[in-house]
Peer 1: 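Below: one structure in structure tokens.
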Number of protein chains: 2
Amino acid sequence: MPQGLSPDELPKLEALICTARSVQRGEALYRSGDRFDNIYAVRSGSMKTVMAHRDGREQVTGLRLAGEALGLDGMSDDVHACSAVALEDSTVCIVPYSALKSLCREINSMQERLHKLLGEQIVREAGQMMVLGSLSADERVAAFLLDVSQRNAQRGYSSAEFNLRMTREDMGSYLGMTLETVSRTLSRFQKRGLIDTQGKHIRIVDLEGLQRV
Amino acid sequence: MPQGLSPDELPKLEALICTARSVQRGEALYRSGDRFDNIYAVRSGSMKTVMAHRDGREQVTGLRLAGEALGLDGMSDDVHACSAVALEDSTVCIVPYSALKSLCREINSMQERLHKLLGEQIVREAGQMMVLGSLSADERVAAFLLDVSQRNAQRGYSSAEFNLRMTREDMGSYLGMTLETVSRTLSRFQKRGLIDTQGKHIRIVDLEGLQRV
DNA sequence: CGTTTAATTGAGGAAAGTCAAGTGAAGTGG
DNA sequence: CCACTTCACTTGACTTTCCTCAATTAAACG
């Protein structure tokens, strides 16, 4: 998260991060409607963000792996628009927003970094709109696996093999399809020799094949 | 756009806005891949933002009415992630990003305003992900009409009656369905007495009915 | 005013959803 | 630590929704 800061600036960011917090699997770090005070960075584990329609239907709107930022959905009106729920026992760094704002006014590169973060989320979400709006079920699942794989690689983990702590239902919700269709699609990918799945453990066997789906 | 600025700050914003630019119907204000230099505000007319998949498929990712901000998709990596195309002859205000950044460091409320703008887009897009991921065709169209209606009201125009300059194809793309399904859905809404359409002109007859869809 | 582009409507087909049953994994308490 | 309960996942059969293709009508633009 703190990329591109000079040596003398890093301590200031560190001073900002008051506390770390641990969140149990299934527990909410914040809920839709909660006051927005902090931005978070996932330190270990992973989380999902969930948004609710007024009739109660819920949709997973995001997945956050270790190292990724969380909580930006509260900036628009000082109240969180979605809930953040831990997919496994996780820890997050807490960054008080008001302090971060001040720091962004003082330090150029800090402002730059926050802007990039916001911009990335905007582009990521637009990309997900594309996935939901124009891809078939197969394409959606493939795109999702490739996205997670790539994000794993970015953080120095294996891009070929990883644990996805989401349930099939979470994946389905995120990808706009039912859990059965997710399951069937994964099975089909396995038969075609594209991946190898055992429940939540996923290994990408044929990367290029998956990209061609 | 410049809400919440004090009287002495407004001139500074105005100084920032170097030029206005007019964009002809169908013309692109910027294209995906263009360098990101400016943020824009639609002054008159309306625009769509479009994102392309690598295989060429395009999806409409946003609609911007007069008064709304545009161009934020370039902040993440200094290159625009989508294209902005005029739906009718339009004009936009140009706000140079680098100057805006400086101003945000000087003026508290300016920073606040930009952050809100970014936060709003993040929440708006998450909302659209919900629409695409969990609503039926009928519900999508209804949600879209209500959204446009509400945004019209916000800007002081009629919430009950408006011109939608998008084609059925644009709407379909934005809502993740085919133009035929959009057309059929609108016809059905009309038969049910919810709306009254003549091509691009739309009148909402039964607001509550539309909300119940 | 004619030509192009957009919209409507119908018929048939395909993709994904629903319902249901069975299997496997994981967490809990004795 | 094992048995038990619960939850997650898989797979099949059937249904529904939406898409595709096609023909026609209406609107927009030069």
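Chain A is the first sequence line, chain B the second, and so forth, proteins listed ahead of strands; every chain is numbered from 1. Worth knowing before you read on, the calculation uses all heavy atoms, side chains too, and leaves out hydrogens, waters and symmetry mates.
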Peer 1: Nearest heavy atom decides the nucleotide; on that basis, is A:Val182 or A:Gln198 closer to the 5' end of DNA chain C?
Peer 2: A:Val182
Peer 1: So which atom in B:Ser159 and which in B:Ala153 form the shortest heavy-atom distance, rounded to 0.1 Å?
Peer 2: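 The answer is CB-CB, 3.7 Å.
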Peer 1: Would you kindly give the CG-to-P distance between A:Leu179 and C:dG17, to the nearest whole Å?
Peer 2: 10 Å
Peer 1: Would you call A:Lys48 and A:Asp170 a salt bridge, taking side-chain N to carboxylate O under 4.0 Å as the test?
Peer 2: yes
Peer 1: Would you say B:Lys200 reaches D:dA28's phosphate, i.e. side-chain N/O to OP1/OP2 under 4.0 Å?
Peer 2: no
Peer 1: Establish, yes or no, whether a centroid distance under 6.0 Å links the rings of A:Tyr157 and A:Phe162.
Peer 2: no
Peer 1: Between atom CD of B:Glu68 and atom CG of B:Leu117, what is the distance when rounded to the nearest 0.5 Å?
Peer 2: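 Rounded to the nearest 0.5 Å, the CD-CG separation comes out at 10.0 Å.
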Peer 1: Could you please name the option among C:dT8, D:dC18, D:dT11 that lies closest to any side-chain atom of A:Ser187?
Peer 2: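 Among C:dT8, D:dC18, D:dT11, the one nearest the side chain of A:Ser187 is D:dT11.
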Peer 1: Can a side chain N or O of B:Thr181 be found less than 4.0 Å away from OP1 or OP2 on D:dC19?
Peer 2: yes
Peer 1: In this structure, how many angstroms lie between the C1' atom of C:dA14 and the CG atom of A:Asp138, rounded?
Peer 2: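 Between C1' of C:dA14 and CG of A:Asp138: 13 Å.
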Peer 1: Given the structure, check if the side chain of B:Glu180 and the base of D:dC21 hold any donor-acceptor pair shorter than 3.5 Å.
Peer 2: yes
Peer 1: Taking for each residue the nucleotide of DNA chain D bearing the nearest heavy atom, is the 5' side occupied by B:Arg25 or by B:Gly176?
Peer 2: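 Closer to the 5' end of DNA chain D: B:Gly176.
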Peer 1: Figure out the CD/P separation between A:Gln190 and D:dC9, and round it to whole Å.
Peer 2: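 Checked: the CD to P distance equals 15 Å.
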Peer 1: What I want to find out is whether A:Asp147 reaches A:Arg124 closely enough, with some N-O distance under 4.0 Å, to be called a salt bridge.
Peer 2: yes
Peer 1: Where the side chain of A:Ser183 is defined as all heavy atoms beyond and including C-beta, which of D:dT10, C:dG17, D:dC21 is the nearest nucleotide?
Peer 2: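 Of D:dT10, C:dG17, D:dC21, D:dT10 is nearest to the side chain of A:Ser183.
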Peer 1: Starting at CD of B:Gln24 and ending at P of D:dC29, how long is that distance when rounded to a whole Å?
Peer 2: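 Distance check: B:Gln24 CD to D:dC29 P gives 12 Å.
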Peer 1: Any chance you could lay out the side-chain contact (heavy atoms from CB on, under 4.5 Å) test for B:His115 and A:Tyr97, step after step, and finish with the verdict?
Peer 2: CA-CA 11 Å; B:His115 283 192; A:Tyr97 175 56; 2.7 Å; yes
Peer 1: Closer than 4.0 angstrom, basic N to acidic O: yes or no for B:Arg165 and B:Asp89?
Peer 2: no
Peer 1: Rounded to whole angstrom units, what separation is found between the CE atom of A:Met177 and the C1' atom of C:dA15?
Peer 2: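 Interatomic distance, CE of A:Met177 to C1' of C:dA15: 11 Å.
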Peer 1: Round to the nearest Å and state the distance from B:Leu164 atom CG to D:dA27 atom P.
Peer 2: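 Rounded to the whole Å, the gap is 17 Å.
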Peer 1: Give me the bend of the helix from C:dC1-D:dG30 to C:dG30-D:dC1, using the axes of the five pairs at each end, rounded to 10°.
Peer 2: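 Nearest ten degrees gives 60° for this helix.
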Peer 1: Measure from CD on A:Glu169 to P on D:dC9 and round the result to the nearest Å.
Peer 2: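 A:Glu169 atom CD is separated from D:dC9 atom P by 9 Å.
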Peer 1: For B:Asp89 and D:dA28, give me the distance from atom CG to atom P, rounded to whole Å.
Peer 2: 15 Å
Peer 1: From the set C:dG10, C:dA7, D:dC9, return the single nucleotide nearest to any side-chain atom of B:Arg184.
Peer 2: C:dG10
Peer 1: For the base of C:dT9, is there a side-chain donor-acceptor partner from B:Arg168 under 3.5 Å away?
Peer 2: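 Check fails, no donor-acceptor contact within cut-off.
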